[in-house]
Each structure stands twice: as C-alpha cells, then as structure tokens.
Amino acid sequence: MRRDTNAAGDIFGGWVAAQMDLAASTAAEGFAGCKCVTVAINGMVFHHPMAVGDELNVYTRIVKVGRTSITICAESVRRIRRTNIRQKVTSGNFVFVAVDEEGRPQTLDKG
C-alpha cells in the first residue's frame with residue numbers, strides 16, 4: 001500500500017522486515033511447539049527495493065537450535081508486478097527464544 005512507502009516510492013524496509021519476522025516466528029513456534037519471542041535479528045541485508053504492487057514471498061529455514069533458542073534464516077523474494085520475474089529483496093537471521101506461560105525461557109525438546 002502507498003502508506004507503506006518512502007519518499008522514493010519504495011516499500012519501507014521495516015515493513016518487509018516485519019513480514020519476515022512474522023514468517024520466521026511461525027517457523028520457530030512450529031518447531032518449538034510453544035510461544036517464541038524475537039530476541040535478535042542478525043545480518044539483515046537489503047538486496048533490492050520492493051515496489052507497490054509487487055508480491056512478497058518469505059521463505060524460512062531453521063539454521064541453529066540451542067537450549068532455548070532457535071535461529072531462523074528468512075529470505076524475502078518479490079515477484080515484480082505483472083511479470084514472472086522474481087528477485088531477492090531482503091535476507092537475515094532471526095533469533096527466537098522459546099518461553100513458558102510466564103514469559104521465562106523454556107528448554108526446547110530437540111528429540
């Protein structure tokens with residue numbers, strides 16, 4: 001949407017990062033089977049701008065599992081409007097911690 005653009009007419013990087021965080025949190029919680037909270041975003045790189053009307057796809061994969069944490073690599077890819085051209089927009093590693101009902105770190109069952 002136009003409200004999500006900067007002065008140059010490109011989609012704000014923060015909006016794309018928020019979509020990536022949503023996708024990565026879904027992957028983290030699916031693996032952990034409990035609530036997970038974002039504690040860090042490492043190595044975020046903006047490769048190409050995204051325009052209004054482009055379709056955004058976010059792909060995730062688990063790259064590391066610790067005692068209470070899960071690191072998810074998220075990559076966003078745009079399909080340029082009215083074409084079949086796909087282009088990587090942003091990538092980064094999202095670190096989550098599994099938490100219990102009180103919000104305290106919870107050990108992950110890796111088995």
Side-chain angles (χ1 to χ4, degrees):
M1 301 299 292
R2 296 237 181 259
R3 68 178 175 268
D4 299 316
T5 62
N6 59 26
D10 298 324
I11 300 295
F12 282 122
W15 182 88
V16 176
Q19 305 313 303
M20 294 169 70
D21 189 36
L22 287 168
S25 68
T26 299
E29 289 186 355
F31 175 84
C34 64
K35 180 179 178 181
C36 292
V37 295
T38 309
V39 295
I41 302 172
N42 299 320
M44 180 152 291
V45 178
F46 293 89
H47 304 279
H48 293 283
M50 184 172 168
V52 171
D54 288 350
E55 174 185 286
L56 181 68
N57 296 278
V58 180
Y59 303 94
T60 63
R61 72 180 185 286
I62 296 171
V63 294
K64 182 179 176 186
V65 177
R67 191 175 65 77
T68 63
S69 67
I70 306 165
T71 302
I72 307 286
C73 176
E75 295 182 336
S76 62
V77 176
R78 73 176 181 153
R79 183 179 58 82
I80 298 172
R81 187 177 192 178
R82 298 186 188 100
T83 74
N84 287 319
I85 299 170
R86 297 182 187 280
Q87 188 176 53
K88 186 187 292 189
V89 175
T90 309
S91 60
N93 289 322
F94 291 71
V95 182
F96 296 87
V97 169
V99 295
D100 62 19
E101 294 79 24
E102 286 79 40
R104 294 182 302 239
Q106 175 176 307
T107 302
L108 293 167
D109 177 16
K110 298 182 205 174

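Not counting sequence neighbours, T68 has no partner by the side-chain hydrogen bond (donor to acceptor under 3.5 Å, both in side chains) test. For T71, the side-chain contact (heavy atoms from CB on, under 4.5 Å) test picks out V63, K64, N93, V95, with sequence neighbours left out. E101 is linked by a side-chain hydrogen bond (donor to acceptor under 3.5 Å, both in side chains) to nothing, counting only residues two or more places apart in sequence or in another chain. Residues forming a salt bridge (Lys or Arg N to Asp or Glu O under 4.0 Å) with K88 (at least two apart in sequence, or on another chain): E75. Under the side-chain contact (heavy atoms from CB on, under 4.5 Å) criterion, R82 pairs with no residue at all, not counting sequence neighbours. For the side-chain hydrogen bond (donor to acceptor under 3.5 Å, both in side chains) test, residues two or more places apart in sequence or in another chain that qualify with T107 are R67.
By the rule that hydrophobic residues join a cluster once side-chain heavy atoms approach within less than 4.5 Å of another member, V77 and I72 end up as members of separate clusters. With hydrophobic clusters built from ILVMFWY side chains whose heavy atoms lie under 4.5 angstrom apart, V99 does not share a cluster with F96.
Applying the side-chain hydrogen bond (donor to acceptor under 3.5 Å, both in side chains) test to residues at least two apart or on different chains, the pairs with a partner in residues 3-22 are D21-T38. Counting only residues at least two apart or on different chains, the side-chain hydrogen bond (donor to acceptor under 3.5 Å, both in side chains) pairs with a member in residues 51-62 are D54-R78, E55-N57, E55-R79. Residue pairs meeting the salt bridge (Lys or Arg N to Asp or Glu O under 4.0 Å) criterion with at least one member in residues 23-40: none, sequence neighbours excluded.
Other members of the cluster containing I80 are I85, with ILVMFWY side chains joined at under 4.5 Å, either directly or via other members. Residues near L22 contribute nothing to a hydrophobic cluster around it, because no ILVMFWY side-chain heavy atom sits closer than 4.5 Å to its side chain.
Nearest heavy atom pair, residue A74 against residue V58, reads CB-CG1, 4.4 Å. Residues A32 and L108 approach most closely at CB-CD2, 3.5 Å, considering heavy atoms. Nearest heavy-atom pair, M44 versus A17, reported as atom, atom and distance to 0.1 Å: SD-CB, 4.0 Å. Nearest heavy atom pair, residue A28 against residue I70, reads O-CD1, 3.5 Å. When all heavy atoms of Q106 and C34 are compared, the pair lying nearest together is NE2-SG, 3.4 Å.
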